[in-house]
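Please read the structure below before turning to the comments.
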Number of protein chains: 2
Amino acid sequence: MEPTVNLKELFEEKGYKYTAQREKIFDILKKQCGEHLTATDICELVQSNHPDIGMATVYRTLLIFEELNIINKLGSEDEFSRYEFNANNDTHKHYHLICVKCGQIKDIKENFMAEMSENVSEKYDFTVNGYNQKLYGICKECLAKEVQNAGG
Amino acid sequence: MEPTVNLKELFEEKGYKYTAQREKIFDILKKQCGEHLTATDICELVQSNHPDIGMATVYRTLLIFEELNIINKLGSEDEFSRYEFNANNDTHKHYHLICVKCGQIKDIKENFMAEMSENVSEKYDFTVNGYNQKLYGICKECLAKEVQNAGG
DNA sequence: GTTTGTGCAAACCCTTTGCAATTTG
DNA sequence: CAAATTGCAAAGGGTTTGCACAAAC
């Protein structure tokens with residue numbers, strides 16, 4: 001069993017204070033592990049139990065969480081940023097499948113990338129630390145719809 | 001010899017009008033092929049010869065160019081969007097090496113991805129059309145500096 | 001001549017910041 | 001108690017939009 005991140009210790013290490021707000025926001029993010037939430041999403045979820053916590057605090061907290069590797073920030077191409085809980089501390093080390101039809105984002109966890117990283121390091125004099133991979137395409141559901149429409 | 005994209009025809013096909021502004025913006029983008037320019041960069045370059053062309057026109061034109069696959073839009077994680085000329089119509093089919101120290105973006109043209117796409121299609125029921133890959137790491141120059149500093 | 005595009009400036013909207021009050025250690 | 005944090009509201013800043021004029025076909 002993986003021990004959960006100990007927020008308090010982590011914060012103390014970095015000189016941050018352990019506040020109720022930060023704890024609440026952490027709880028929400030952890031509970032929503034696997035989702036790709038906007039700052040507004042997160043704020044609304046937090047506010048449903050703690051209406052006093054404001055947007056500014058959410059943003060400031062997300063910044064710290066990003067720095068502490070607790071979450072990953074995903075820059076959506078067209079919209080605003082999304083955040084995801086970084087369950088195994090594998091920053092940027094996974095892939096996102098983005099359906100160009102419905103916009104849903106899925107994760108891939110396999111490490112297709114290890115070999116490529118080595119190649120890149122050799123050929124481009126570039127030390128790869130992480131990657132944020134976006135694969136654009138069509139998901140199963142949307143493909144089914146397309147086939148349907150083509151048939152009709 | 002590859003024939004250059006025929007703007008006028010492309011526009012007519014899609015019902016867009018062929019205006020001087022669009023031509024000028026296209027010329028700049030083509031001339032800057034390989035660069036990753038912000039909308040402001042593009043606007044300034046255009047305005048150096050055509051001071052009357054405004055930011056709004058640049059944005060509107062970039063939107064059309066993106067739709068026509070003439071350029072790729074790269075959503076920088078933290079800053080603003082950048083645009084690159086899509087020389088071989090290979091939308092999203094290349095990689096960006098982003099140095100976390102100096103922020104420079106380099107392209108990789110090799111197709112490390114072909115095999116992976118197949119795997120993804122099979123395992124995740126997701127038809128991959130393109131990818132916009134960002135590899136984060138440290139470029140040669142910044143690595144050299146780091147080593148230097150560690151030594152001092 | 002009608003439709004589409006342009007330029008300006010104002011509006012948008014996500015995100016950041018200044019400041020006084022509050023909380024943490 | 002000193003230093004960090006919060007909440008509000010206002011400011012920032014890249015991008016979009018409304019509108020009157022101009023250009024394209």
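A note on names: the letters A, B, ... follow the listed sequences, proteins ahead of strands, and every chain is numbered from 1.
Here the side chains of A:Leu29 and A:Glu35 are not in contact, with every heavy-atom distance at 4.5 Å or above.
In this structure, B:Leu62 places its CG atom 12 Å from P of C:dT6, rounding to the nearest Å. To the nearest angstrom, C1' of D:dA23 lies 18 Å from OH of B:Tyr16. Look at CD1 on A:Ile42: it is 13 Å from C1' on C:dT15, rounded to the nearest Å. If you measure from atom NZ of A:Lys14 to atom P of D:dA4, you get 16 Å, rounded to the nearest angstrom. Computed from coordinates, the B:Ile64 CD1 to D:dT15 P distance equals 17 Å when rounded to whole Å. Put simply, CE on B:Met55 is 8 Å from P on D:dG14, counting in whole angstrom units.
For A:Arg60, counting side-chain heavy atoms from C-beta on, the closest listed nucleotide (C:dT6, D:dG14, C:dT17) is C:dT17. Taking only side-chain atoms of A:Tyr59, from C-beta outward, the nucleotide of C:dG7, C:dT15, C:dG5 with the closest atom is C:dT15.
With hydrogens and angles ignored, a donor-acceptor pair closer than 3.5 Å exists between the side chain of A:Lys17 and the base of D:dA3.
Between the side chains of A:Glu12 and A:Tyr18, no donor-acceptor pair of N or O atoms lies under 3.5 Å. A side-chain N or O of A:Tyr16 and one of A:Glu67 form a donor-acceptor pair less than 3.5 Å apart.
Listed pair A:Arg22 / D:dT6 meets the phosphate criterion, a side-chain N or O lying under 4.0 Å from OP1 or OP2.
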